[in-house]
Amino acid sequence: MINITLPDESIKSFEDPPSGLDIAKSISEGFARNCVAYEIGGEVYDLNTKINNNAAIRLITTRDEEARDIMRHSAAHVMAEAVCRIYKDAKLTIGPIVEDGFYYDIDMEPVSEDAFPEIEAEIKKIIKAKIPFERFEVSKAEALDFFKDEPYKLEMISELEDGNISLYKQGGFTDLCRGPHVPHSGYIKAVKLMKVSGAYWRADQTKEQLQRIYGTAFFDKKELKEYLHFLEEARKRNHRKIGAALDLFSFHDEAAGMPFFHPKGMALWNLLIEYWRYEHKKAGYVETKTPVMLNWKLWEKSGHWENYRENMYTSVIDDDGYAIKPMNCPGGMLLYGEKSHSYKEFPMRVGEIGLVHRHELSGVLSGLFRVRAFHQDDAHIFMMPDQIEGEILGVLKLVERIYSTFGLGFHLELSTRPEKSIGSDEQWETATNGLISALDSYGMDYVINEGDGAFYGPKIDIHIKDALKRTWQCGTIQLDMSLPERFDLTYVGKDNEKHRPVMIHRVVYGSIERFLGILIEHFEGKFPLWLSPVQVVLLPINDELIPYADEVRESLEDSGIRSEVDGRTESLKKKVRDAQLNRIPLILTIGEKEKTAGTFSVRTLDGKVRFGLSKEDFLKQVNIHINERKLNWDIFDD
RNA sequence: GCCCACGUAGCUCAGUCGGUAGAGCGCUUCCUUGGUAAGGAAGAGGUCCACCGGUUCAAUUCCGGUCGUGGGCUCCA
């Protein structure tokens with residue numbers, strides 16, 4: 001007799017060892033159809049695996065996140081089989097799941113997406129046949145023999161410990177796999193191949209070039225459709241497209257990876273920085289500026305020459321070596337070291353919006369997201385060890401305030417000491433504990449990445465979440481135990497002795513260029529009123545009203561509102577359409593009625609039109625929205 | 001840096017199985033002076049299709065290389 005405890009504490013008894021499916025069926029047939037696997041004590045098993053002892057189990061249904069991952073892994077196997085059916089010489093390597101689906105790295109002739117229809121057709125055949133996934137276990141020797149024609153599998157097996165090795169068989173196709181899998185291929189309801197790219201075996205450039213085929217799969221065709229719709233949305237929001245359409249920035253072959261900002265892009269830029277300065281000044285920061293190009297001796301001292309040289313732009317001037325800064329910190333160290341400091345000055349919050357250049361590999365460049373020249377909204381904070389917690393907490397609060405102004409959510413990740421690191425155990429403990437207590441008193445949950453810190457100190461990364469729920473790492477707070485040492489930075493303590501200050505680097509926007517790119521996608525180019533490069537466009541309904549429109553524009557500019565007159569000889573409809581496409585938040589139509597009555601007719605970005613507003617009411621609402629940096633488009637809908 | 005794809009008018013793209021290029025938008029001019037998402041007409045605009053070579057009677061089209069862009073890999077103090 002086997003007793004199975006279900007999550008609701010109820011107990012089911014079975015004469016013979018039951019499989020997960022037996023248990024599910026004992027609840028109901030309908031429920032059983034939605035089950036894909038089960039879990040005992042954190043281990044996940046195939047639905048068909050029998051349970052030989054009393055256990056507490058949880059059945060995993062298609063509603064559970066983990067069920068989708070199991071199914072996608074099965075889909076990877078199905079795709080591998082399909083590819084092998086078509087490409088007889090294909091040699092399989094690994095096929096894991098990733099965030100949005102799965103991929104399989106296969107050693108085969110290069111394929112392009114043109115091959116997808118054929119592979120997908122083969123996949124559908126396999127799915128339709130509802131081929132069961134059967135698990136069986138073999139010894140290492142048997143496994144080696146079984147895969148004797150699969151060099152990559154052999155390599156993987158040879159690295160496994162001797163003992164039982166699990167294989168999964170689906171019809172005539174067997175793959176080395178830990179599992180678990182869905183009961184049969186029919187569980188994969190909707191599958192689509194997404195893209196193909198090159199990848200190296202074991203991510204090693206010196207090893208074989210493989211074809212990585214990406215796919216995604218869902219339990220439901222509707223979900224696949226929604227996912228494709230999401231991708232389409234993301235594509236429409238692409239900041240490169242919107243940036244070109246709104247005339248914000250461009251790239252040129254003469255400076256790959258280095259953006260050129262147009263007047264409207266520059267307006268956005270300045271507004272971001274203006275806001276940054278406002279918040280930072282309030283938070284007790286001062287601002288500095290250090291040179292872009294510095295002598296190599298500085299980089300030698302900072303360690304960059306040794307560790308980062310291949311990413312630095314260098315030059316020789318008067319027979320002396322110079323490098324363009326890839327980071328602001330060494331310059332900041334020189335500034336600190338320029339004079340002596342007392343503990344009474346601490347914490348010293350020294351900001352710098354610094355232009356840095358990094359020679360990133362050509363293949364990684366990507367719009368504003370990955371560039372070779374960018375501005376960091378850097379700051380170095382110098383303090384005593386017992387100030388770590390308070391300062392980190394201060395940065396977290398500043399970060400929260402700034403991100404929330406843009407309607408961006410975020411989550412935190414703490415990275416701790418890596419294997420290769422400098423500094424004593426005690427230093428690391430003080431530093432890490434300081435970060436942890438700051439995180440704890442901040443009170444938000446955070447992810448811990450063990451051993452993922454920089455070699456010079458632990459760090460907190462801040463990942464923002466945009467309107468499409470995509471996450472981006474922007475902010476970071478890094479404790480640095482290396483540079484103060486290398487630059488022999490000191491302060492005089494209460495005891496009148498010299499001490500080593502604790503120093504952190506921190507950024508909020510991260511790269512201003514990248515942050516701007518994220519904002520463009522987040523807002524789909526429809527910036528809140530305070531941030532819009534052009535806030536108001538005036539549309540005279542005929543040419544005679546242009547002088548009056550110009551007059552109104554001037555008075556709006558006097559009130560600090562960025563305005564333009566569209567004086568083209570075009571129909572009103574046309575000008576409205578263009579203004580809407582240009583995502584200008586407020587359209588003022590200027591006709592005889594408005595001129596005579598001295599009122600405004602206002603159209604907001606959501607298409608709502610209001611007639612006969614008094615100038616005073618209009619300015620009042622506009623100013624409230626700008627000054628409070630409100631996020632909603634309809635400024636009259638409070 | 002590596003793999004794959006791409007690079008045609010300011011923009012979006014079509015086209016030529018090798019015989020010296022097209023549409024829409026935008027721009028200019030003219031007509032229209034229009035009340036909330038495209039009024040009408042005419043015209044200009046490409047060293048001929050990123051750049052450099054090669055094959056060919058002939059290349060934008062085929063081949064090689066370079067540069068750039070996109071996706072992925074890798075890298076990321």
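Below, chain A is the first sequence line, B the second, and so on; all start at residue 1.
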- Message: With nearest nucleotide decided by heavy atoms, which residue, A:T569 or A:K195, maps closer to the 5′ end of RNA chain B?
- Response: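 Nearest-nucleotide comparison on RNA chain B picks A:T569.
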- Query: More 5' along RNA chain B: A:H304 or A:K241, using each one's nearest nucleotide?
  - Reply: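 Counting from the 5' end, the first nearest nucleotide belongs to A:K241.
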Please state the [atom1] separation for the pair [N] and [M] - nearest whole angstrom.
{"N": "B:rG24", "M": "B:rA14", "atom1": "C1'", "answer": "11 Å"}
{"N": "B:rG53", "M": "B:rA58", "atom1": "P", "answer": "16 Å"}
{"N": "B:rA38", "M": "B:rC25", "atom1": "P", "answer": "14 Å"}
{"N": "B:rU28", "M": "B:rG68", "atom1": "P", "answer": "34 Å"}
{"N": "B:rG64", "M": "B:rG71", "atom1": "C1'", "answer": "25 Å"}
{"N": "B:rG39", "M": "B:rA44", "atom1": "C1'", "answer": "22 Å"}
{"N": "B:rC13", "M": "B:rU8", "atom1": "P", "answer": "9 Å"}

Pair [X] + [Y]: basic N to acidic O under 4.0 Å:
{"X": "A:D425", "Y": "A:R417", "result": "yes"}
{"X": "A:E524", "Y": "A:R237", "result": "yes"}
{"X": "A:K91", "Y": "A:E155", "result": "no"}
{"X": "A:R500", "Y": "A:E485", "result": "yes"}
{"X": "A:E300", "Y": "A:K297", "result": "no"}

If the cut-off is 4.0 Å, is [X] near the phosphate of [N], judged by side-chain N/O to OP1 or OP2?
{"X": "A:Y214", "N": "B:rC73", "answer": "yes"}
{"X": "A:K574", "N": "B:rG26", "answer": "yes"}
{"X": "A:R240", "N": "B:rG70", "answer": "yes"}
{"X": "A:R603", "N": "B:rA37", "answer": "yes"}
{"X": "A:T589", "N": "B:rG35", "answer": "no"}

- Quick one: the side chain of A:E594 and the base of B:rG35, do they pair up donor-acceptor inside 3.5 Å? yes
With a 4.0 Å cut-off on heavy atoms, is [X] in touch with a base, just the backbone sugar-phosphate, or nothing at all?
{"X": "A:G257", "result": "sugar-phosphate"}
{"X": "A:L365", "result": "sugar-phosphate"}
{"X": "A:S366", "result": "sugar-phosphate"}
{"X": "A:G367", "result": "sugar-phosphate"}
{"X": "A:D253", "result": "sugar-phosphate"}
{"X": "A:F251", "result": "nothing"}

Taking the side chain of [X] as heavy atoms from C-beta outward, which of [options] is closest to it?
{"X": "A:K593", "options": "B:rG35, B:rA37, B:rC76", "result": "B:rG35"}
{"X": "A:E360", "options": "B:rC75, B:rU36, B:rC73", "result": "B:rC75"}
{"X": "A:S571", "options": "B:rG71, B:rG39, B:rG1", "result": "B:rG39"}
{"X": "A:R568", "options": "B:rA37, B:rC27, B:rC76", "result": "B:rC27"}

- Query: With a cut-off of under 6.0 Å to the ring centre and 45° to the axis, is A:R212 in cation-pi contact with A:Y103?
  - Reply: yes
- Got more than 12 heavy atoms from elsewhere within 6.0 Å of CD, A:E233? yes
- State which residue, out of A:E521, A:R583, A:K526, fulfils the side chain to side chain contact (heavy atoms under 4.5 Å, CB included) condition with A:I242. A:R583
- Message: Dot-bracket for RNA chain B, please. Rules: Watson-Crick or G-U, both distances under 3.5 Å, ( ) within the strand, [ ] when a pair crosses earlier ones, | for another strand, . otherwise.
- Response: (((((((..((((.....[..)))).(((((.......)))))......(((((..]....))))))))))))....
- Query: salt bridge (charged side-chain N to carboxylate O under 4.0 Å, His left out) between A:R610 and A:D634: does it pass, once the steps are laid out?
  - Reply: CA-CA 11 Å; A:R610 288 176 181 75; A:D634 187 349; 3.2 Å; yes
